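Take a look at the structure below.
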Protein chains: 2
Amino acid sequence: MQATPCPKCPLRALSVMLANTPEELAVIESLRDSQTLLRAGATLIREGERGGRLATLFAGWAFRYKTLRDGRRQILNFLLPGDFIGLQQKMTDESPHGVEALTDVVLCTFPRDTVWQLHQRLPAVGYDITWLAAHEESIVDENLVSVGRRTAAERIAMLLIRLYKRASALQPGAPGRSVLFPITQQHIADALGLSLVHTNKTLRRLHKLGLYRIVEGHLVLLDPGALERMADWYGTGVPEARPLI
Amino acid sequence: MQATPCPKCPLRALSVMLANTPEELAVIESLRDSQTLLRAGATLIREGERGGRLATLFAGWAFRYKTLRDGRRQILNFLLPGDFIGLQQKMTDESPHGVEALTDVVLCTFPRDTVWQLHQRLPAVGYDITWLAAHEESIVDENLVSVGRRTAAERIAMLLIRLYKRASALQPGAPGRSVLFPITQQHIADALGLSLVHTNKTLRRLHKLGLYRIVEGHLVLLDPGALERMADWYGTGVPEARPLI
DNA sequence: CGACGTGTTGATCTCTCTCAATTAGAGTGG
DNA sequence: CCACTCTAATTGAGAGAGATCAACACGTCG
């Protein structure tokens, strides 16, 4: 596959991304291994695997998850273009979580020591990476609050709002439009700590209330205000901007 | 208060901490503001507060939390000596979570731009900070799995094991000993997404099974193997070593 | 001594889970 | 073109883990 040069990366044009100097981009591109295409459903990192790849998600959606022995699965968070994959995993350790593609996906892969190289050669980028890690944590924090303390309806309202915002920030165009939403009810259930059946019933309820619509894998929020009120969401909390190495 | 010099920091003697060169420690100490003593129950960072402090926990226990408007509270994770406080908070933003002291606490406080200073002047330390942030995230990941997919008994077993391991790693001495455990059942409930009453009943059940004992704020695991089996815990996952700037 | 925080226990109540069955659409092979 | 299979969504019924409500015990403290 013909790899996109970093300076021409379309993700850079988005306002949510951090600015980098041309020199920084040159270094980043020189470190990059290649771009890799993977099919929807592919496992990018297996739980417990050693030496998994380090990558950024160039296109497509994925998710991080952990499973218990008997198969219960918890989705930790969803990964959208610009997100890091495999940052948590220290050099030779095994990955504490799995990563799976929700759609066809393009990864920019890097050698395992890239994080260290960047810190050493480009402190400003190293700093951004720290901030990125801290930011991903606050997304997980937010999920933990939902799963721990919100009711099923509140959790779902929250998830719809958060994913809508993240997706629309990546999709230039008027607000209020529909955004890609490539996840099944099973994914929602696994992300929110709910059963599939209850997820379906609750989703149905919100749908009948006219709060959202999903058509052909695209989500529209018909009443964002009502959803935010239902989710007990401050609107503060996690800022939506996400940097990219 | 007489501040402990960083090179003499007792935390450094612990095997779980990262090694730093004398030069690095000198820079770190030069950046440090002071040491601050705060009482048990004190709020270190208020939710939504701007310009909160940046600090490391030198002594004592604390916890991070978020609350919903109606008062429901979720504890995100517990902070033990050596942990960072306020790393998530970008410069001028408001803090996405609160931090409260569980015991009397001593903080080593730093100016807000210390993270950047360290990245710039000591890339190796910057790298450690990135790893620390990623590591704290995996603790939250683990909590999310518990709250989302484990039963009450499993969650409590998990929490007892995890806190015991973290605390005993900081407390030189024979394994199998008792460790400080300065949290109430209300804290456990808020960390695990359970009600206080159900937490009490479940705790009681595990106690009657002879799995643990808490005496005068100190925890002993009487049957760690049974607890691990109950928690469906692999033992892999989050490594226990934690670095310190 | 009364107020308060923490732990404990019993009695309901209900939100969510589990089990079961049905529908609809997409893909596949004959 | 049509059975056949699979996945995803849907709905009803019954069961259960955990929530809520209410008391009470105990120790500390001003």
Side-chain angles (χ1 to χ4, degrees), chain A residues 39-42 63 68 70-75 100-103 146-160 181-209 212-219 230 232, chain B residues 39-42 63 68 70-75 100-103 146-160 181-209 212-219 230 232:
Chain A
R39 290 295 166 194
F63 63 91
L68 301 182
D70 64 7
R72 283 174 288 179
R73 179 174 76 167
Q74 178 65 43
I75 290 181
E100 186 176 316
L102 282 162
T103 64
S146 280
V147 172
R149 288 304 182 205
R150 280 189 245 255
T151 66
E154 291 169 342
R155 292 181 212 184
I156 288 183
M158 193 71 187
L159 178 135
L160 293 178
F181 198 70
I183 68 182
T184 67
Q185 296 186 355
Q186 183 66 64
H187 292 119
I188 296 178
D190 285 347
L192 299 182
L194 297 170
S195 71
L196 174 59
V197 173
H198 196 59
T199 298
N200 175 281
K201 287 174 179 169
T202 308
L203 225 23
R204 218 80 259 297
R205 186 148 62 83
L206 301 197
H207 190 259
K208 277 175 189 145
L209 289 171
Y212 78 96
R213 197 170 45 192
I214 293 177
V215 185
E216 293 167 19
H218 287 257
L219 168 68
M230 175 173 287
D232 186 63
Chain B
R39 289 295 166 195
F63 63 91
L68 301 182
D70 63 7
R72 283 174 288 179
R73 179 173 76 168
Q74 178 65 42
I75 290 181
E100 188 177 316
L102 282 163
T103 63
S146 278
V147 173
R149 289 302 181 206
R150 279 190 246 253
T151 66
E154 292 169 343
R155 292 181 212 185
I156 289 184
M158 194 69 187
L159 178 135
L160 293 177
F181 198 71
I183 69 182
T184 67
Q185 296 186 354
Q186 184 66 65
H187 292 120
I188 297 177
D190 285 347
L192 299 183
L194 297 170
S195 71
L196 175 59
V197 173
H198 196 60
T199 298
N200 175 281
K201 287 173 179 171
T202 308
L203 225 22
R204 218 80 260 296
R205 186 148 62 85
L206 301 197
H207 189 259
K208 278 175 188 145
L209 288 171
Y212 78 96
R213 197 170 46 192
I214 294 177
V215 185
E216 294 166 18
H218 287 256
L219 168 69
M230 175 173 287
D232 187 61

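Chain A is the first sequence line, chain B the second, and so forth, proteins listed ahead of strands; every chain is numbered from 1. Here the structure is a predicted model, which is why all the values come from computation and not from measurement.
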**Q.** First of B:Q186 and A:R205 reached from the 5' end of DNA chain C, by closest nucleotide
**A.** B:Q186

Q.
How close do A:Q74 and A:L192 get, counting heavy atoms only, and between which atoms?
A. NE2-N, 4.4 Å

Q.
Looking at every heavy atom in both A:L159 and A:F181, which two are closest together, and how far apart are they?
A. CD2-CZ, 4.3 Å

Would you classify [X] as touching base, sugar-phosphate or nothing, given that sugar-phosphate means primed atoms plus P, OP1 and OP2, and contacts are heavy atoms under 4.0 Å?
X	result
B:L203	nothing
A:S195	base
A:G41	nothing
A:G217	nothing
A:T202	nothing

Q) Do A:R155 and A:T202 come within less than 4.5 Å of each other through their side chains, counting heavy atoms only? A) no

Q | Gap separating the CZ atom of B:R149 from the CG atom of A:D70, nearest 0.5 angstrom | A | 10.5 Å

Please state whether the phosphate of [N], meaning OP1 or OP2, lies under 4.0 angstrom from any side-chain nitrogen or oxygen of [X].
X	N	value
B:Q185	C:dT8	yes
B:N200	C:dT8	yes
B:R204	C:dT9	yes

Can you tell me the distance, in whole Å, between the [atom1] atom of [X] and the [atom2] atom of [N]?
X	N	atom1	atom2	result
B:E154	D:dA17	CD	C1'	12 Å
A:E216	D:dA9	CD	P	14 Å
B:H198	C:dC13	NE2	P	19 Å
A:L196	D:dG12	CG	P	16 Å
A:L192	C:dC15	CG	C1'	15 Å
A:D70	C:dT18	CG	C1'	14 Å
A:I156	D:dA9	CD1	C1'	13 Å
A:I183	D:dT7	CD1	C1'	16 Å

Q. Pick one: which of B:Q185, B:Q186, B:R205 meets side-chain hydrogen bond (donor to acceptor under 3.5 Å, both in side chains) with B:N200?
A. B:Q185

Q) Which one, D:dT10, C:dT16, D:dG18, comes nearest to the side chain of B:L194? A) D:dG18

Q. Between C:dG7, D:dG12, C:dT16, which one does the side chain of B:T184 approach most closely?
A. C:dG7

Q: Examine the base of C:dG7 for any acceptor or donor lying under 3.5 Å from a partner atom in the side chain of B:K201, and report the outcome as yes or no.
A: no

